[in-house]
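In what follows, a single structure is set out as structure tokens and then discussed.
Within every chain, numbering begins at 1; the chains are lettered A, B, ... in the order of the sequence lines, protein sequences first and strands thereafter.
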2 protein chains.
Amino acid sequence: MTNTYSEEIKLIAKPGEIPYAKGLEGIPIGESTKSFVDGLGGRLVYHGHSIEELCEKSSYEEVFYLLLYDRLPKESELKDLGRLMRSYREIPSELYDLIAKQAPRYGVHPMSVMRTAVSALAAYDETTEDDTPSEQCRQSIRIVSKIATIAAAIARARLGKPMLSPRAELSHAGNFYYMLTGSAPDDFYAELMDVLLILHADHECNASTFAAVTVRSTLSDLYSAVVAGICALKGPLHGGANEEVMRMLQAIGSLDNVERFLEDAMSQKLRIHGFGHRVYKIMDPRADILRRQAREVTRRAGTEHWLETAERIEKVMAEKYGQRGIWPNVDFFSGVVMASMGIESPMFTPIFAVGRSAGWTAHALEQWVDNRIFRPRFIYIGPEEEPYTPIRERK
Amino acid sequence: MTNTYSEEIKLIAKPGEIPYAKGLEGIPIGESTKSFVDGLGGRLVYHGHSIEELCEKSSYEEVFYLLLYDRLPKESELKDLGRLMRSYREIPSELYDLIAKQAPRYGVHPMSVMRTAVSALAAYDETTEDDTPSEQCRQSIRIVSKIATIAAAIARARLGKPMLSPRAELSHAGNFYYMLTGSAPDDFYAELMDVLLILHADHECNASTFAAVTVRSTLSDLYSAVVAGICALKGPLHGGANEEVMRMLQAIGSLDNVERFLEDAMSQKLRIHGFGHRVYKIMDPRADILRRQAREVTRRAGTEHWLETAERIEKVMAEKYGQRGIWPNVDFFSGVVMASMGIESPMFTPIFAVGRSAGWTAHALEQWVDNRIFRPRFIYIGPEEEPYTPIRERK
């Protein structure tokens, strides 16, 4: 235990007087067995298994099991989990109604609707306030299963299309693809959706997972933890970035505009979304995997121009910023992939959330086992004492 | 900027190998002008004004202004804020419907319903995604105003009583009291509710405010920040504690049982709710104020036995643990006060949230001004590499 600041020191100071790690950069806040981000090596590992291997050989259900229980499942265990997940896919009809009302409203972000729907879900789970470990696992499985149905319902309601009931014969990813698009996927698209969900399933102490474990550390329920994750993922500095990347590609329009667009953006000191990462100082391994997926899906969809534009941006950025450790992150190619699947960009972050729900619940369960409430300090830089002037005398 | 751990060091280790401050105890995570907790002096200050002075001379509206704008309002400014707050009190009819459906469900905690309702509210605010400073202030005022209506509607719906529309001639606290109980308060009760809300308005970097600023640091919207605050406050280690205190008083029943109850609880190493605080090492100043309020309200309500029992617990605890810095905190007497006001204990935490919403929004706005995303690290204690055994061969 290192407390940089003794309880004896009053945390009252002038601005800048007491040092602190802004954004908690580099500060470890706990131990975890879930995932490891090697920022200099460009590696992402879920409990000993590289993300490349999991994308190639595994399934989202298996990765969820791995994150939840810290080991790969046996055949019967994976079957049991799959069966449970399928049995939990449906959501209460009141939630479809709520989504139908909120999702098509002008200016309402689908992440707002997802936040409300997952929060509302808690009221239909009789075990919400039961924190015995077995119930926590079942709550996790319910949430991870149902959040896909919620996301798909939001996507359909936004476009005025009928919301679709889950189909039990499809995998988690396959069924999610079906509920989103209205057609059952062929092997390529089923696998692509699986890879997308696996890639987004966990990422160590990212801001949304951190929000989820902070909530959990008060011993609040699992739904509250996941809702806090959604709240944080919504932000454009976090999950919202993939939507911004696609907006940038659309604004650029054609290959010839890349250099001029980037120069303009840099001279205005605008953020180039999809680049740079707090931890990765070389290429985000998820970006590499998604680039390979983007090759095939853009060819099928006839959207090669998005990938070409993206790779031209990547080249210009690498020349200018590569030395400074600014490389494409997961959000850079995921937009191209999802747009090529016919998904509208406001739905990119909710799809990210569907994947990340596995990590949120796994970390929330881990937090519970060896818990201490997160209660750091602010350095107070306001006045120590001000006179309470009667209201008529205030200037 | 002090980074205890260099980016060069891989955060992969054996359990316990790398030190960290569990629960971020004592770690400053940012600068704030909002409030200052003097843990050794037993003082709480909102931007230069002691909580005692504010409870005596100010109003919740004025305290909200102080937290939001870092100064006391002039007469006309306070009037404007009051007018705005009154104009925002009403909530959409769909939200009354949602509350009417969810709040009376068996086993559904009112904080769950509040979380859903505040989240849903975002869809009715056309400015939700607009983060210009003036809109952020207006969103804050809307949230702080409407969350009282939401809390009162939940309280009424739980008991099967008709939900009441806000009354514009009453103060924020007075109207909240009216919507909760069905009768406009006399001066004593209006002031008591005001004191309750002022006392709970802010408390530096408590867990729910920390969750709110973490969410805000992704540049997510203000509703998301407040929803995350609700998620965290719900936990029994945070806001949920006041409900537990009342449960303890009811379990003890009569004065004679205090010693035996506490001995039993301690021998079973149960937590005595309402005692001890991460920061305060002497009496929480809010507990002192509430004790004085409790004298009068228990006399009026004929519930003196709760206060007597509470003070006997306090005495026994002080003898045993006072030396170790474990003293009553805000939750210890607030339960007695609210129960004596005729409020059922599950509503204690939502009322806490109504007060704290000022702090959540004020800190969320402050975070936005000089932002960096909260993205700390976990120390990875899982395996670095595991073989991916084919599923049929797993044991």
Non-hydrogen atoms of chain B under 4.5 Å away: do they reach the side chain of [X], the backbone, both or neither?
X      : answer
A:L78  : side chain
A:D125 : neither
A:S35  : backbone
A:L54  : side chain
A:E53  : side chain

Minimum heavy-atom distance [X]-[Y], with the two atoms named:
X      : Y      : answer
B:P387 : A:H49  : O-CE1, 3.3 Å
B:P236 : A:S220 : CD-N, 4.3 Å
A:H47  : B:P383 : CE1-CD, 3.4 Å
A:G107 : B:E129 : O-CG, 4.0 Å

Using a cut-off of under 4.5 Å for heavy-atom pairs, which of [options] has the most such pairs with chain B?
options                       : value
A:V213, A:T127, A:D370        : A:D370
A:E126, A:E94, A:K395         : A:K395
A:L72, A:T128, A:N206, A:T214 : A:L72
A:G30, A:A228, A:A211         : A:G30

Only pairs of heavy atoms separated by less than 4.5 Å count here; which of [options] has the most with chain A?
options                        : result
B:V108, B:V45, B:L219, B:L121  : B:L219
B:S224, B:G382, B:P376, B:G235 : B:P376
B:E393, B:E62, B:K101          : B:E62
B:H238, B:K74, B:H363          : B:K74
B:S50, B:A212, B:S58, B:A225   : B:S58
B:G229, B:A232, B:S32          : B:S32

Check this for me, if you would: do B:R394 and A:E75 make a salt bridge, where the nitrogen-to-carboxylate-oxygen distance has to be below 4.0 angstrom? no
So does B:K57 have more than 12 non-hydrogen atoms from other groups sitting under 6.0 Å from NZ? yes
At what distance, to the nearest 0.5 angstrom, does [atom1] of [X] lie from [atom2] of [Y]?
X      : Y      : atom1 : atom2 : value
A:L98  : B:D97  : CG    : CG    : 11.0 Å
B:L66  : A:Y388 : CG    : OH    : 9.0 Å
A:T33  : B:F378 : OG1   : CZ    : 10.0 Å
A:I391 : B:S59  : CD1   : OG    : 7.5 Å
A:L237 : B:T218 : CG    : OG1   : 6.5 Å
B:I12  : A:F36  : CD1   : CZ    : 4.5 Å

Can you find a heavy atom in the side chain of A:R115 that is under 4.5 Å from one in the side chain of B:D221? yes
Show, in sequence, the C-alpha distance, side-chain angles and deciding distance for A:E31 and B:K22, and conclude whether the salt bridge (charged side-chain N to carboxylate O under 4.0 Å, His left out) test is met. CA-CA 10 Å; A:E31 296 179 340; B:K22 203 167 177 182; over 6 Å; no
Evaluate salt bridge (charged side-chain N to carboxylate O under 4.0 Å, His left out) for A:R43 paired with B:E385, printing each intermediate quantity in order. CA-CA 11 Å; A:R43 268 195 319 149; B:E385 217 178 324; 5.2 Å; no
Contacts of B:Y65 meeting side chain to side chain donor-acceptor pair (under 3.5 Å) (sequence neighbours excluded), chain-then-number -> B:R71, B:E77
Walk me through whether A:R278 and B:R372 qualify under side chain to side chain contact (heavy atoms under 4.5 Å, CB included). CA-CA 11 Å; A:R278 177 74 60 87; B:R372 186 141 210 252; 3.5 Å; yes
Listed by chain and number, what are the ring pair (Phe, Tyr, Trp, His ring centres under 6.0 Å) partners of A:Y46, not counting sequence neighbours? none
Any donor-acceptor pair under 3.5 Å linking the side chain of A:R375 with the backbone of B:G23? no
I would like to know whether B:Y124 and A:Q102 meet side chain to side chain contact (heavy atoms under 4.5 Å, CB included); could you show each step before the answer? CA-CA 9 Å; B:Y124 301 93; A:Q102 294 215 339; 3.8 Å; yes
May I have the step-by-step check of salt bridge (charged side-chain N to carboxylate O under 4.0 Å, His left out) for B:R377 and A:E204, ending in yes or no? CA-CA 7 Å; B:R377 301 295 309 257; A:E204 198 229 292; 2.9 Å; yes
B:V227 and its side-chain contact (heavy atoms from CB on, under 4.5 Å) partner, picked from A:S112, A:C231, A:S119: A:C231
